[in-house]
Every structure is written in structure tokens, then in C-alpha cells.
Amino acid sequence: MTNEEFANYLFPNVQDVSYYENKYKKRNLKEGAIVTRYAPSPTGSIHMGNLFQAFISKQYARQSGGIFFLRVEDTDQKREVENGIEGIVKDVESFGINFDEGYGIGGEYGPYLQSERGDIYAAYVKYLVAKGLAYPCFCSSSEIDENRTIQESTKERIGYYGRWATCRDLTPDTAKEKIEAGNPYIFRMKSRGDFNKKHVYHDAIKGDLEYPENDMDNVILKSDGLPTYHFAHAIDDHLMGTTHVIRGDEWVSSLPVHLELFDLLGFKTPQYAHLAPLLKKDGDVVRKLSKRKDPEASVRYYHELGIPVDAIKLYLSTVGNTNFEEWYLANPDKNITDFTFQFDKMSVGGTMFDLAKLENISKVYFSVQKADKIYDEVLNYSKQYDLEFANILEHNKDYTISLLNIEREIERPRKDIGAYPSVRKEFWYMYDELFNKEANPYQDIAKNYQYDDLITYMNTIYLSTDTEEEWFGKVKDFAGTHGYAINRKDYKADPSSFKGQVSDFCELIRVMATTKTISPNLYDILKLLGNDRLKKRLELFARQK
RNA sequence: GGUCUGUUGGUGAAGCGGUUAACACGCCGCCCUCUCAAGGCGGUAUACACGGGUCCAAACCCCGUACAGACUACCA
């Protein structure tokens with residue numbers, strides 16, 4: 001029996017591979033267009049590493065005028081989670097990362113669900129068997145385990161290769177007999193590699209990678225009839241026209257297998273780009289960010305924290321290309337989509353996932369946004385996580401926008417908002433609903449203030465319709481005639497002859513109005529509060545004496 | 001055990017055979033200022049994991065060692 005006859009016996013009702021090669025036409029894209037994909041397993045939710053991968057893949061496709069598609073790798077039924085795919089798609093789309101084609105969207109290269117591609121994989125297994133490049137293997141898992149034990153004790157390389165690959169030399173006739181006797185089997189690739197031969201592969205990110213040829217007869221079709229990752233990857237990315245496989249660097253070590261598989265199948269290999277993992281410092285050790293151990297690994301965590309999606313994308317961009325941050329700082333008015341990512345500007349080792357840095361980026365991001373946009377987003381966030389505040393916001397729309405506008409649209413705006421909840425945390429005192437809720441808003445004030453001066457000031461001056469300059473001039477005059485130094489040099493020369501400086505008097509006003517020693521521009525705050533409310537606060541404050 | 005990869009000040013990170021080893025954050029001082037932030041000026045740091053080698057010359061190339069990570073499944 002020839003290999004070809006054997007292949008026909010094994011797969012009598014399968015299309016010839018030329019059928020699929022014709023069906024899935026070469027993509028008609030412009031020169032240099034990159035086709036990337038996001039190919040998750042349906043395990044429910046994604047973590048930052050996955051998001052990073054999807055984000056970067058999308059960027060490369062977009063910036064080159066290519067295609068970014070979604071393929072679902074559901075070949076492991078044991079790991080499958082109910083509605084797992086939906087959860088993943090939701091997570092990715094919540095970051096505005098959408099697909100040009102793929103599962104749930106459609107496209108000419110489907111099905112995009114691997115479990116629906118059985119016929120296709122079978123056709124290619126048949127093709128390999130006919131050429132003597134794949135074979136059925138009857139070894140049981142206990143036999144494999146035994147081999148492994150022997151290999152461990154004799155310190156040989158572990159795996160199914162060379163003399164350990166006992167089924168690779170079975171003739172088609174013996175194999176057929178075993179099948180007819182009812183022995184269960186799987187399919188393995190028949191490696192032609194020599195482990196002692198080394199090659200260099202140029203990874204788009206990692207650069208030159210030296211690797212030994214693969215000589216393992218890896219499983220390509222499992223007993224459930226579904227392909228392994230390795231095989232499905234080769235078939236799908238070939239047929240779907242993927243030009244660049246961007247994936248985590250845990251795959252680097254199976255690169256020799258994939259390279260050989262493409263070779264056996266006669267496919268052109270895609271360009272691989274292996275992404276460095278996101279790392280975390282856990283005490284003294286640095287390790288990969290873990291979905292199980294680290295809450296910050298979860299993508300949903302950031303939605304709860306109220307960090308804007310765009311800020312996270314900004315952060316991922318800085319992680320993605322080492323020169324991104326510099327560019328963004330120099331072009332604050334530009335968009336991420338205006339930046340061209342380069343593979344050789346990506347981190348080769350791991351990247352520390354730094355929450356403090358994320359927060360900082362988020363603050364910079366907020367500082368350049370328009371007040372009404374922030375209002376809308378904070379309201380939106382609050383509706384989900386803080387109904388009380390959402391209600392307050394809805395009743396104080398213009399007021400809140402004015403508040404958010406203080407020191408905003410200027411050359412160097414304030415950076416005091418890092419996330420949506422910061423608005424309440426930083427400015428609660430600007431809302432009477434929240435201010436009056438406190439039994440005594442001033443209870444934490446420890447300092448002994450000159451209450452009488454403040455009362456005198458409030459009773460005589462107030463705000464009226466002054467401009468900021470007029471107002472501050474009056475504050476200065478008043479402070480000067482009530483024992484405060486009106487310039488720093490005088491005070492420094494002889495501090496004991498003053499009650500303090502003008503800044504100390506301003507602090508007094510500030511504490512009365514806001515209960516805090518730090519706030520945005522005092523004049524704007526006072527104006528927003530208005531004389532009536534200030535008067536009430538003054539009375540309350542004066543009781544602290 | 002095997003294969004592959006990585007290791008530059010407190011942190012991030014340039015550099016790719018000849019540099020005073022950038023830059024950013026941080027930290028300290030001064031200036032400005034109604035607070036904070038921002039900004040300006042100046043300063044700070046015992047930074048190229050360790051040991052050999054090649055070279056006139058090494059953070060950069062080679063070989064070891066240590067440490068760290070990934071993989072070593074009919075999981076992806």
C-alpha cells in the first residue's frame with residue numbers, strides 16, 4: 001500500500017487541498033500592507049497582556065492599510081468557558097479595538113472558529129500523509145509517560161523523536177491493520193529535522209534568534225479530531241493570509257516546530273514578532289503579570305478604577321514603542337493613530353507594568369481634555385459606580401463644567417485628575433450636597449487660624465464684581481494693614497514682626513471655603529461658590545475658634 | 001535535565017566597537033508664585049551582573065559563571 005492509497009483509506013471523503021488553496025484567494029492589498037490577527041482561546045476574559053497584543057496588532061494593520069481579524073482558537077474543549085468568546089470580544093471592544101473581519105463579523109476567509117474548520121484540517125493531514133510527512137500514532141499516554149520517565153533518568157531530551165518515535169516507521173499496511181483492530185490513534189507530523197543543526201531566524205521584535213532544528217514528531221490532530229495549536233496556526237494563518245504573527249514570547253520556543261510545519265506543508269512562513277511579557281515586581285522578585293494573582297492584570301479592573309480607555313491606550317503605546325512617549329509629549333495635540341509604530345522600537349526583554357506611570361499618563365491625558373467631555377465621561381462612570389454623585393452631577397451640569405474649567409485651557413493645565421472618581425474625591429467640597437453631609441467639614445483642621453481677621457475681611461470686602469487682579473489687590477491691601485507681610489523679602493528679613501505672609505492669609509480663606517489647604521485657583525473657587533454660600537461656610541468655620 | 005532569551009543609576013530607558021554612558025521620572029537647593037501643580041536655573045547619583053578572551057580600543061563581539069524569564073502536553 002502506498003502512502004497515497006493509505007491517505008485515501010484514512011480520509012475518503014475529504015477535499016483536495018487545492019480546493020482550499022483556490023477558495024481562499026490571496027488578499028488583494030497594497031504593497032506593504034500588514035495582515036494581523038487576534039486569536040484568543042475562549043476562556044472568558046482577557047488580561048492586560050492580551051489587550052496589549054490585540055492593540056499592537058491592530059495598530060500595525062491599521063497604519064499599513066492592512067487587515068486585522070479575529071480568529072477564535074477553541075480547539076481545547078476542556079478549557080472552554082461558557083460565553084467565553086463573548087466576554088473576550090466585549091473586553092477588547094471596550095477599548096475601541098475592533099476587527100475588520102472575523103468571528104461574529106464575517107469575511108471571506110472563514111469560518112473563523114477553529115472548531116468549524118475540521119474539514120480543512122483533515123484535508124491537509126491527508127495531504128501530508130500522502131506525501132509521507134505525517135502518520136497515525138497508536139502510542140497510549142501511558143507509553144508516552146514511560147518513555148518520559150526513562151528519558152528523565154538517562155538525562156536524554158524528553159519527547160517523541162528519533163528512536164522514541166516508534167510509530168513513525170510503521171508501514172501503511174501495519175498501520176491499517178492496527179486501525180482495523182480498533183486501536184485508537186492520533187496524527188503526528190513526521191519531522192525531517194536534525195536537532196544538532198542550528199539556524200538563525202530574524203524575529204521582527206527580538207532580532208536574530210538562534211535555534212536548533214525541530215526533530216519532534218509533534219501531534220497535529222488530536223484524538224477528538226481537532227488540530228493542535230501548532231497545526232491550526234500553520235493552516236489558518238496560511239489560508240487567512242496573515243503576514244505578521246504578533247504573539248506572546250512564550251511561543252518563541254515552539255518557533256522551530258512552526259517553521260518546520262510551514263516547510264512540510266509547502267507554505268510561505270509569515271513574519272513572526274514575539275512580544276515581551278508584561279512584568280510585575282512582587283516583593284523582590286520580578287515575574288510575569290498574572291491573571292490569577294494580580295487584580296491589575298484584569299482589563300476590567302481599570303474600568304472600575306475609572307481610568308479612561310484612551311489613557312490606557314496611551315500607556316500601552318509607551319510600553320509598545322520606547323520612543324512613543326517622547327513623541328507624544330512633543331505632540332500633545334496629536335492622536336495615537338498619527339504615530340507609526342516600529343517593530344525594532346519594541347522592548348525585547350520584559351516590560352515592567354507600572355501603575356504609577358499609568359496614573360501619571362492618565363493625569364496628563366485629563367489635563368488636555370475639554371471640561372464638557374470630562375463631565376460627560378465622569379457622569380457616565382458615576383451612573384455605573386456612584387449613583388449619588390451621578391445625581392449631583394446631573395443637577396449641576398454647567399456648574400461642574402465651570403469647575404472643571406478652572407486652570408484648564410491654558411498652556412500648562414492642572415494635573416489633579418487621574419481617574420473619573422478623582423473629581424468627587426478632589427472637589428466634593430464644591431457641592432453643598434456633599435459639604436453639608438459632613439457633620440463638621442472642618443474637623444481635621446488642626447492649625448490655629450486668625451479667625452477674627454478672616455471675619456473682618458469677609459464682612460468688609462467679599463467678592464463683589466472684582467476681576468482677579470482687583471480682588472487680589474484688595475486681599476493684599478487688607479493683609480498688609482492687618483499684620484501680614486505683603487512681600488516675601490520683608491517677611492524673610494524679620495518673620496517675627498508679622499502674623500505671616502499674604503500666602504498665609506490666602507490659606508485662611510482657602511481653608512474656610514474648601515476645608516483644604518490645597519485647591520485650584522482661589523479666585524475662581526470663591527467666585528463659583530458665591531457670596532451667599534461663602535457666608536454660610538464662614539459662619540460654620542468661625543465656630544471652630 | 002534540555003532549548004531559547006534577557007541582565008545599563010532608586011525606576012523607566014538610549015546606546016549596536018572609540019560618548020564627559022543621553023534622556024525622563026524621582027530626590028535636593030534656589031527663583032517665581034495666593035496653595036498645590038506647572039515652569040525656570042542648578043545639583044544629585046559608587047549605573048553597563050560577574051570572570052575570562054579578541055582588539056590599538058569593548059556596555060557593545062566571543063567563551064564561561066550567576067541570577068531571572070519562557071518553553072519542554074492529545075493547553076493554547
Side-chain angles (χ1 to χ4, degrees), chain A residues 39-43 73-79 114 137 139-141 144-145 148 151-160 184-188 195 198 201 203 206-207 209-212 214 216 218-230 232-233 247-257 274 276-277 279 281 285-288 318-319 322-323 325-326 329 345 347-352 354 356-357 360 363 367 407 410-416 426 468 471-472 475-476 479 488 501-511 514 516-523 525-526:
Chain A
S41 295
T43 50
E73 311 219 323
D74 60 338
T75 56
D76 185 8
Q77 294 148 330
K78 292 184 285 291
R79 292 209 317 179
Q114 286 183 333
C137 169
C139 293
S140 65
S141 55
I144 303 280
D145 285 347
R148 167 190 262 281
Q151 287 166 337
E152 273 170 2
S153 66
T154 57
K155 298 202 191 311
E156 278 173 273
R157 277 163 49 235
I158 292 158
Y160 200 85
Y185 61 97
I186 51 146
F187 284 92
R188 289 180 182 274
F195 184 73
K198 298 234 174 177
Y201 177 79
D203 183 271
K206 303 227 169 219
L209 257 24
E210 195 182 42
Y211 69 95
N214 171 63
M216 302 271 173
N218 292 288
V219 176
I220 53 174
L221 212 59
K222 301 184 284 183
S223 56
D224 57 11
L226 291 170
T228 56
Y229 169 85
H230 307 299
H233 152 55
R247 46 148 56 160
D249 73 355
E250 67 270 20
W251 290 109
V252 169
S253 34
S254 33
L255 191 59
V257 177
H274 289 96
L279 266 24
K281 201 163 227 167
V285 297
V286 172
R287 35 156 262 248
K288 207 168 159 177
T318 67
V319 169
T322 51
N323 56 334
E325 192 173 10
E326 198 185 338
L329 256 20
K345 287 285 196 311
S347 173
V348 173
T351 311
M352 211 59 78
D354 188 350
K357 182 92 180 173
N360 185 271
K363 282 185 174 172
S367 76
E407 293 174 90
I410 55 177
E411 198 180 338
R412 282 183 268 280
R414 296 184 66 83
K415 293 178 185 162
D416 42 13
E426 294 290 324
E468 184 165 359
W471 167 78
F472 186 58
V475 170
K476 230 170 164 175
R488 186 172 294 205
Q501 306 181 59
V502 174
S503 62
D504 292 309
F505 187 67
C506 283
E507 179 178 322
L508 185 53
I509 303 174
R510 172 172 275 119
V511 169
T514 69
K516 293 166 122 41
T517 53
I518 298 170
S519 84
N521 186 297
L522 227 202
Y523 172 77
I525 290 288
L526 295 180

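Just so you know, these numbers come straight off a predicted model, no measurement behind them. Chain identifiers are assigned alphabetically (A, B, ...) following the order of the sequence lines, protein sequences preceding nucleic acid strands; residue numbering begins at 1 within each chain. These values consider heavy atoms only, across backbone and side chains, with no hydrogens, waters or symmetry-generated copies.
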Asks: Describe, in one word, how the ring planes of A/Y523 and A/W471 are oriented to each other, choosing from parallel (under 30°), tilted (30 to 60°) and perpendicular (over 60°).
Replies: tilted
Asks: Given the P atoms of B/rG9 and B/rA49, what is the spacing between them in whole Å?
Replies: 8 Å
Asks: Take the angle between the ring planes of A/H233 and A/Y229 and call it parallel below 30°, perpendicular above 60°, tilted in between.
Replies: parallel
Asks: What is the separation between atom CD on A/Q151 and atom P on B/rU3, rounded to the nearest whole Å?
Replies: 15 Å
Asks: Could you tell me whether the phosphate oxygens of B/rA76, OP1 or OP2, come under 4.0 Å of any side-chain nitrogen or oxygen in A/T75?
Replies: yes
Asks: When you get a sec, tell me which of B/rC4, B/rG1, B/rU35 is the closest nucleotide to the side chain of A/I158?
Replies: B/rG1
Asks: Measuring only the C1' atom in each nucleotide, how far is B/rA14 from B/rA21? A whole number of Å is fine.
Replies: 9 Å
Asks: Could you identify the nucleotide paired to B/rA37, looking across every strand shown and requiring Watson-Crick or G-U wobble geometry with both distances under 3.5 Å?
Replies: none
Asks: In the structure shown, which nucleotide is the Watson-Crick or G-U wobble counterpart of B/rC74, with both distances under 3.5 Å?
Replies: none
Asks: Do the side-chain N and O atoms of A/Q501 and A/S503 include a donor-acceptor pair separated by under 3.5 angstrom?
Replies: no
Asks: When you measure from the side chain of A/D203 to the backbone N and O of A/H274, does any donor-acceptor pair fall under 3.5 Å?
Replies: yes
Asks: Can you tell me how far P of B/rA70 sits from NE2 of A/H274, to the nearest Å?
Replies: 15 Å
Asks: The side chain of A/E250 is closest to which nucleotide in this list: B/rA70, B/rC74, B/rU3?
Replies: B/rA70
Asks: Whether the side chain of A/E73 engages the backbone of A/Q114 through a donor-acceptor N/O pair (distance < 3.5 Å, no angle test) should be reported.
Replies: no
Asks: Grab the two heavy atoms, one from A/M216 and one from A/R157, that are nearest each other, plus how far apart they are.
Replies: CE-NH2, 3.8 Å
Asks: Quick one: label A/S254 by what it contacts on the DNA or RNA (base, sugar-phosphate, nothing), any heavy atom closer than 4.0 Å.
Replies: nothing
Asks: Could you report the tightest heavy-atom contact between A/T228 and A/V219, atom names first, then the distance?
Replies: OG1-O, 2.9 Å
Asks: At under 4.0 Å between heavy atoms, what does A/E210 touch on the DNA or RNA strands: base, sugar-phosphate, or nothing?
Replies: sugar-phosphate
Asks: Starting from the 5' end of RNA chain B, give me the residue, A/K198 or A/K476, whose nearest nucleotide shows up first.
Replies: A/K198
Asks: Minimum heavy-atom separation for A/V502 to A/K476, with atom names?
Replies: CG2-CG, 4.0 Å
Asks: OP1 or OP2 of B/rA37 versus the side-chain N and O atoms of A/K363: is any pair under 4.0 Å?
Replies: no
Asks: For the side chain of A/S503, starting at C-beta, report the closest nucleotide among B/rA76, B/rG1, B/rU35.
Replies: B/rU35
Asks: Please measure how far the P atom in B/rG15 lies from the corresponding atom in B/rC71, and state the result in whole Å.
Replies: 29 Å
Asks: To the nearest Å, how far apart are A/N214 CG and B/rG2 C1'?
Replies: 14 Å
Asks: Across all strands, who's sitting opposite B/rA22 as a Watson-Crick or G-U wobble pair, both distances under 3.5 Å?
Replies: none
Asks: Quote, to the nearest angstrom, the P distance that separates B/rA22 from B/rC62.
Replies: 26 Å
Asks: Would you tell me if any nitrogen or oxygen in the side chain of A/R510 comes within less than 4.0 Å of OP1 or OP2 on B/rC36?
Replies: no
Asks: Which is more 5' along RNA chain B, the nucleotide nearest A/F472 or the one nearest A/P227? Just name the residue.
Replies: A/F472
Asks: Measure from CD1 on A/I518 to P on B/rC34 and round the result to the nearest Å.
Replies: 17 Å
Asks: Consider the side chain of A/E407, meaning its heavy atoms from C-beta on, and name the nucleotide among B/rU5, B/rA76, B/rC36 that approaches it most closely.
Replies: B/rC36
Asks: I want to check one thing: is the phosphate of B/rA73, taken as OP1 and OP2, less than 4.0 Å away from some side-chain N or O of A/K222?
Replies: no
Asks: Which base, if any, makes a Watson-Crick or G-U wobble pair with B/rA57, both distances under 3.5 Å?
Replies: none
Asks: Across all strands, who's sitting opposite B/rG42 as a Watson-Crick or G-U wobble pair, both distances under 3.5 Å?
Replies: B/rC28
Asks: Is there a Watson-Crick or G-U wobble partner for B/rA68 with both distances under 3.5 Å, and if so, which one is it?
Replies: B/rU5
Asks: To the nearest Å, give me how far apart NZ (A/K155) and C1' (B/rG2) are.
Replies: 11 Å
Asks: In whole angstrom, what separates A/R247's CZ from B/rA70's P?
Replies: 17 Å
Asks: Determine the Euclidean distance between corresponding P atoms of B/rG51 and B/rA58; express it in Å to zero decimal places.
Replies: 15 Å
Asks: Can you find a donor-acceptor pair, distance only, under 3.5 Å between A/S253 side chain and B/rC4 base?
Replies: no
Asks: Starting the side chain at C-beta, find the nucleotide from B/rU3, B/rA76, B/rC4 nearest to A/F195.
Replies: B/rU3
Asks: Between B/rA76 atom P and A/K78 atom NZ, what is the distance in whole Å?
Replies: 8 Å
Asks: Measure NZ/A/K516 against P/B/rA37 and give the value in whole Å, please.
Replies: 15 Å
Asks: Could you let me know what B/rC16 is paired to, Watson-Crick or G-U wobble, both distances under 3.5 Å, or none if it's on its own?
Replies: none
Asks: Using the P atoms only, state how far B/rA66 lies from B/rC50, rounded to an integer number of Å.
Replies: 16 Å
Asks: What interatomic distance, in whole Å, is found between C1' of B/rG40 and the corresponding atom of B/rU5?
Replies: 45 Å
Asks: Just checking A/N521: base, sugar-phosphate only, or nothing, at a heavy-atom cut-off of under 4.0 Å?
Replies: base
Asks: Could you work out the separation of B/rG43 and B/rU8 based on their C1' atoms and round it to a whole Å?
Replies: 22 Å
